[in-house]
Protein chains: 2
Amino acid sequence: MLVVDTSATVQALAALAHETRLALYRMLVERGPDGLPAGVIAERLNVPPSSLTFHVQHLHRAGLITQRRVGRQLIYAADYAAMNGLIATLTENCCGRGSVPLRRARGGPTAAVRRSA
Amino acid sequence: MLVVDTSATVQALAALAHETRLALYRMLVERGPDGLPAGVIAERLNVPPSSLTFHVQHLHRAGLITQRRVGRQLIYAADYAAMNGLIATLTENCCGRGSVPLRRARGGPTAAVRRSA
DNA sequence: CTTATCATTCGATGATACTCGAATTATCGG
DNA sequence: CCGATAATTCGAGTATCATCGAATGATAAG
């Protein structure tokens, strides 16, 4: 059984629990492994540079995005493994053991989660 | 295609992004459909009544738990469909567009999930 | 009606989170 | 070195969240 570091989970959830950061994270997921420089993200989200830094750091500290420098820009990219880890944690701990078959899906990739309340 | 209400997603994430509330939610998931009265939850979490109310309402407003009255006690229970909806939303929007296997639940450690036997 | 129990609401306090302009660090191209 | 660009850190102000005792509402039993 998977044991979870609760505070890491809370940190990841808190990082995503903000309009701006959720939009930012989604933008990076869409963009893929290449990522985007901070400046571009700030412009697209219409957020001043210092505010943008505040939010990307929040996501970075939570381990949800990666950071790398290219020349004088800092590139941020989504860390897919981290999100999958978070989803796995939620699935393992919070999904009503058996009443809802979400963990044993063997068919299509997301077949079991297509239905939403 | 799954329709996503961003602010509802943020609200659900924020509701879970707190040590006490995550513990509370997990307790209700373990307990199952019968749920638990507020008093019992408060005692088990070692939280004063008024603080407990604050947290259960947070989860209830986010739609993650249900509330019903039995006699003079209020019973709270996990709403599994809501959590599955949240997970579906995260999977649809934030997981690298099908390129990433959702199937890893006990692979390598990630930033959000750690072993702590 | 009165008392006891369960839980919530109220209100005051302290703690974090968020925003963003100004100053600072890092890098690049002459 | 110098000027320009990318991004961060700093600091101050505002807002929202969290905690919890005391007061209030809701239900039950005698």
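First the proteins, then the strands, lettered A, B, ... as listed; each starts at 1.
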Atom [atom1] of [X] and atom [atom2] of [N]: how far apart are they, to the nearest Å?
X       : N      : atom1 : atom2 : answer
B:Leu16 : D:dC17 : CG    : P     : 15 Å
B:Leu13 : C:dA17 : CG    : C1'   : 17 Å
B:Asn46 : D:dT19 : CG    : C1'   : 14 Å
B:His18 : D:dA18 : NE2   : C1'   : 6 Å
A:Leu52 : C:dT19 : CG    : P     : 11 Å
B:Ile75 : C:dT8  : CD1   : P     : 11 Å
A:Gln67 : D:dT9  : CD    : C1'   : 14 Å
B:Arg68 : C:dT8  : CZ    : P     : 14 Å

Same hydrophobic cluster for A:Val29 and A:Leu45, using side-chain heavy-atom links shorter than 4.5 Å among ILVMFWY?
->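 Shared cluster, yes.
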Measuring only between side-chain heavy atoms, which start at C-beta, is [X] closer than 4.5 Å to [Y]?
X       : Y       : answer
B:Leu36 : B:Ile75 : no
B:Thr6  : A:Arg26 : yes
B:Ile87 : A:Thr91 : yes
B:Leu24 : B:His18 : no

Distance, nearest 0.5 Å, that separates CG of A:Leu90 from CG of B:Leu86 =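 Going from CG on A:Leu90 over to CG on B:Leu86, the span is 6.5 Å.
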Starting at CG of A:Asn84, measure out to OG1 of A:Thr89 and round the result to the nearest 0.5 Å.
->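 If we round to the nearest 0.5 Å, A:Asn84:CG and A:Thr89:OG1 are 10.5 Å apart.
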Scan residues 53-61 of chain B against DNA chain C and write down, sorted by residue number, each residue with any heavy atom closer than 4.0 Å; if none is found, say none.
->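 Within this stretch, B:Thr53, B:Gln57 sit under 4.0 Å of the strand.
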Between A:Tyr80 and A:Leu28, what is the shortest heavy-atom contact and its length?
->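 So the minimum-distance heavy-atom pair works out to OH-O, 4.1 Å.
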Determine the minimum heavy-atom distance between B:Thr9 and A:Leu22, stating which atoms define it.
->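 Of all heavy-atom pairs spanning B:Thr9 and A:Leu22, the closest is CG2-CD2, 4.0 Å.
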Pairs under 3.5 angstrom, nitrogen or oxygen only, protein versus nucleotides 11-14 of chain C, please.
none

Ignoring backbone atoms, establish whether B:Tyr76 has a side-chain N or O less than 4.0 Å from OP1 or OP2 of C:dC6.
->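 Result: no.
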Interface with DNA chain D, restricted to residues 36-45 of chain B and to heavy atoms under 4.0 Å |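 Under 4.0 Å from DNA chain D: no residue of residues 36-45 of chain B.
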Pairs of donor and acceptor atoms involving the side chains of residues 51-68 of chain B, under 3.5 Å and at least two apart or interchain, shall be tabulated with distances.
unit_1: B:Thr53; atom_1: OG1; unit_2: B:Pro49; atom_2: O; d: 3.3
unit_1: B:His55; atom_1: ND1; unit_2: B:Arg21; atom_2: NH1; d: 3.1
unit_1: B:Thr66; atom_1: OG1; unit_2: B:Ala77; atom_2: O; d: 3.4
unit_1: B:Gln67; atom_1: NE2; unit_2: B:Tyr76; atom_2: OH; d: 2.7
unit_1: B:Arg68; atom_1: NH2; unit_2: B:Asp34; atom_2: O; d: 3.0

What is the bend of the helix from C:dC1-D:dG30 to C:dG30-D:dC1 when you compare the axis at one end with the axis at the other, using five pairs each and rounding to 10°?
->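 Inter-axis angle at the ends, rounded: 30°.
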Which is it for A:Met83 and A:Leu16 under the side chain to side chain contact (heavy atoms under 4.5 Å, CB included) test, yes or no, and what are the steps along the way?
-> CA-CA 10 Å; A:Met83 174 56 85; A:Leu16 294 170; 3.6 Å; yes
Contact string for nucleotides 21-30 of chain D, one letter per nucleotide 5' to 3', B = base within protein heavy-atom range under 4.0 Å, S = sugar-phosphate only, - = neither, reads BB----BS--
